[in-house]
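Here is the structure we will look at, set down as structure tokens.
Keep in mind that this is a model prediction, so the values were computed, not measured.
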Amino acid sequence: MMRRALIPALILLWTLFGGVRSACAQYNEDYFYWAGRRCLMNREYREAIRVLNSLLQTEGHAAEGYFLRGVAKFNLDDLLGADADFSTAIRQNPVYTTAYIYRALTRSRLGSYDDALRDFKEAIDLRPDLPDAYYSRGYTRLQNKQYAEAIEDFDRFIFQQNRVADAYIGRGTAYLYLQDTVRAMQNFDTAIRTNRENPNGYYQRGTLYLQQERYREAEEDFDMSIRCDSTFLPPYFNRAIVYFHTHRPMQALADFDRAAQLDSTSSVVYFNRAILRSQIGDYNRALEDFDRVALFSPGNVQVYYLRALLKTQLGDLEGAERDYTRAIELYPDFANAYLNRSTLRYALHKPAAARRDEETGNRKIARYKAHLKDSTYSIYADTTQRMDRLLAFDNQFTTRFFDRMAQNGEADDSKVRFRPLYRFTLAQPDTEAIAPSGRYASQRIEDFKRRIGTPLLVLSTGTETLCQDTLLRLGKEYQAALRTRPNDAALLLQYGIQQALIGQYTNSIEHYSRAIVRDSSNPLLYFNRGATRAAMLDFIASLDTPYQRISIDSDPANTLRSDRTRSYDYTEAIADMTRAIRCAPDFAQAYYNRGTLQALSGRLPEAFDDFTRAIELDPLLAEAYYNRGLTQIYMKDTRKGCLDLSKAGELGIDEAYGILSRYTGEQR
């Protein structure tokens, strides 16, 4: 899937694999590490824990093993267990930067903001040039109400990575809390310009318009937010508020209904819908909604007060009395609750209790008036305080939240997924390889393969490879051979490929680099090192990298959560492809690979140029047509993009036709 440039920075690649084990690692250890990573990539977190448990029983001093198990627990919301595993990884490897970041996010989710901020500081002290730590710490500081400090962190992040819409949203929100609505609006505008498909940018700007009672602009932004992501709850909610204020109650109810479908446990949705239903006379259904609010938010004083008013209208005086009593238990200074309960008790023939309530209520009103200038005195003692108004998402139920980034569901994956990179791999000779049409493929690559001297070496975009047992056996053979021939470039290459195939990316890249020292003019070494660096980044992406977002929970609690859609900095991989091209200007697959990496980095014009050059060198390179087609679609040239996809389909990429069916209407 093409990942938008949301978080283009890399979280300390090499530390993720914290401390590559020696070449003498045991067979079983290699297998368990490989299997554990594979489970994490497939989001099989329980199975990952089971596999890693087996590893840690035999290798108790394995920082990487504890880290990976912590990642699995983090994604299963076992926050305490994740914290313990990250802590163990840090004890065993005190410079494990990624473990500090994960533990910081875990502690943020646990509400331990001070501890989280200390961990972020440790990570930043270790890697002050790492922008992502500033980004995540910025959102943690927002939660901790350190708004000026949050702005500083977002400034640092934006200085290095200025194409991340949610960084501007976070900074804009911090300005909003500091009452600087001008700068807040500027940041929301920039977020939208940076990523016009991110629903959160429109939502945040629309919410600011709503607060300013600029209802037309707010409605337009909420419409755009919903258009970007029809499953994004907040804009439905606040658009309903706009409809309410512009006297369109039925449209408001429709939006509340949709919001309730998206989150069936949202107290604030049911609360607002209950109020609106009460105001249009739909009392019984309003009572159902208040019951849901009381179920999901039993500590909310307003729901009992308003439900008591509704029960009084419906003639349930005993039920109303119980609700007023509960409201008073939750907030003993609630003057209105005492006065209203007094009226009910007179009607229920409880004069003594009614008089006591009346006296208490009047006493609290007098006390309130005496403290009228004291801003700390609660609004709930104010007899004139209106409680039957609709609440926006920034209200007594929830603080402002920063929800998930725009992301496509599984059904949309085929629309945005680029074809993978070419790379040399170890597979059976009949495995899918490159088309034999290109001049480069038929000469230099074949010569190179003969020089390496193994029939297992193929150039492919496919995922088929040798079985795990065979790969581990080959790894041991390569290790043994390297002890006697440590400077053999061909042997270093083969071992690098084997290490990448079992997930040991850092070790793989190290051996490619050693081979390059021995054979610095060989373009294919740079080519494969670049492809492996990209694969390493993609593996990190598959771990649900934990950049936090604050999102609404089933109750008005704010929690941190991770996002699954990420974009990373492919700079080093692109540089390797460029070196390969300099050594071999006719290497079509190197242009194709660089184009794909450029596209994933958001540099679409550069990607288009690289795909075009790859096609000039090899007119039958189907993957280049496919990826250039997608690139043109994202550049809004749908017609030409579809022509390229059609050519890719002709050359054998069946997935192209699924994309064409989605975009056919746009060509007209």
Side-chain angles (χ1 to χ4, degrees), residues 6-16 18 63 66-68 70-71 73-75 77 79-162 164 166-174 177 399 401-402 405 540 543-551 558-563 566 568-569:
L6 298 175
I7 304 298
L10 172 59
I11 290 188
L12 217 56
L13 309 182
W14 48 91
T15 61
L16 181 62
Y66 284 105
F67 171 75
L68 293 174
V71 171
K73 291 178 179 179
F74 181 92
N75 283 282
D77 293 325
L79 302 182
L80 294 176
D83 185 276
D85 277 350
F86 295 141
S87 297
T88 301
I90 289 168
R91 282 196 301 272
Q92 295 186 5
N93 182 0
V95 295
Y96 206 158
T97 308
T98 311
Y100 280 110
I101 293 176
Y102 263 87
R103 190 173 71 174
L105 295 171
T106 302
R107 290 177 171 181
S108 293
R109 291 184 63 182
L110 289 167
S112 302
Y113 300 124
D114 291 341
D115 290 338
L117 292 172
R118 278 192 289 271
D119 276 346
F120 280 128
K121 184 178 185 303
E122 289 286 349
I124 289 169
D125 286 345
L126 288 169
R127 282 294 308 273
D129 60 327
L130 190 67
D132 307 273
Y134 295 110
Y135 176 93
S136 295
R137 189 172 70 175
Y139 272 100
T140 296
R141 282 176 159 169
L142 274 179
Q143 283 195 296
N144 207 29
K145 301 182 180 179
Q146 296 175 307
Y147 306 125
E149 294 86 348
I151 290 171
E152 292 176 3
D153 277 340
F154 288 125
D155 285 344
R156 291 191 182 103
F157 178 82
I158 290 169
F159 179 77
Q160 297 182 65
Q161 303 286 346
N162 63 2
V164 182
D166 279 72
Y168 294 104
I169 291 172
R171 189 170 68 176
T173 304
Y177 275 119
T399 56
F401 76 97
F402 316 94
M405 319 255 191
I540 294 172
L543 289 179
D544 285 343
T545 306
Y547 294 99
Q548 71 246 34
R549 279 294 179 275
I550 307 169
S551 63
N558 289 326
T559 58
L560 291 176
R561 47 169 291 200
S562 60
D563 270 308
R566 297 286 173 241
Y568 289 86
D569 186 356

Hits for side-chain hydrogen bond (donor to acceptor under 3.5 Å, both in side chains) against Asp114, two or more places apart or cross-chain, chain-then-number order -> none

OH of Tyr102 to CG of Leu68, rounded to nearest 0.5 Å, is 9.5 Å

Distance col, row Phe74:CZ vs Arg109:CZ, nearest 0.5 angstrom, shows 5.0 Å

With sequence neighbours left out, the residues meeting side-chain hydrogen bond (donor to acceptor under 3.5 Å, both in side chains) with Ser112 are none

Original post:
When you look at Ile124 and Arg137, which way does the side chain to side chain contact (heavy atoms under 4.5 Å, CB included) test go after all the steps?
Top reply: CA-CA 10 Å; Ile124 289 169; Arg137 189 172 70 175; 3.5 Å; yes

Ala89 and Ala99 have their tightest heavy-atom pair at CB-CB, 4.4 Å

Less than 4.5 Å apart, side chain to side chain, heavy atoms only: is that true for Gln146 and Leu117? yes

One should read off an interatomic distance between Phe120 CZ and Asp153 CG, to the nearest 0.5 angstrom, of 9.0 Å

Taken in chain and number order and not counting sequence neighbours, the residues that satisfy side-chain hydrogen bond (donor to acceptor under 3.5 Å, both in side chains) with Asn162 are none

Residues passing the side-chain contact (heavy atoms from CB on, under 4.5 Å) test with Ala123, sequence neighbours excluded, are Thr97, Tyr100, Ile101

Here the salt bridge (charged side-chain N to carboxylate O under 4.0 Å, His left out) pairs for residues 84-100, sequence neighbours left out, are Arg69-Asp85, Lys73-Asp85

For Glu152, the side-chain contact (heavy atoms from CB on, under 4.5 Å) test, sequence neighbours excluded, returns Arg156

Where do Tyr147 and Thr173 land on the side chain to side chain contact (heavy atoms under 4.5 Å, CB included) test, with the steps shown first?
CA-CA 9 Å; Tyr147 306 125; Thr173 304; over 6 Å; no

Here the gap from Ile169 atom CD1 to Leu142 atom CG, rounded to the nearest 0.5 Å, amounts to 12.0 Å

What one should report as the nearest heavy-atom pair of Ala104 and Ala116 is O-CB, 3.2 Å

Residues at least two apart in sequence or cross-chain that pass salt bridge (charged side-chain N to carboxylate O under 4.0 Å, His left out) with Arg118, listed by chain then number, are Asp115

Residues pairing under salt bridge (charged side-chain N to carboxylate O under 4.0 Å, His left out) where one sits in residues 95-104, two or more places apart or in two chains, turn out to be Arg103-Asp119

**Heavy-atom side-chain proximity of Gln160 to Ile158 below 4.5 angstrom** = no

Sorted by chain and number, sequence neighbours left out, ring pair (Phe, Tyr, Trp, His ring centres under 6.0 Å) with Phe154 holds for Tyr139

When rounded to the nearest 0.5 Å, the distance separating CZ of Phe86 from CG of Leu79 is 9.5 Å

For Gln92 and Ala63, the nearest pair of non-hydrogen atoms, with its separation, is OE1-N, 3.0 Å

- Query: Given the rule in the side chain to side chain contact (heavy atoms under 4.5 Å, CB included) test, do Ile151 and Glu149 qualify, once you have shown the distances and angles that lead to the verdict?
  - Reply: CA-CA 5 Å; Ile151 290 171; Glu149 294 86 348; over 6 Å; no

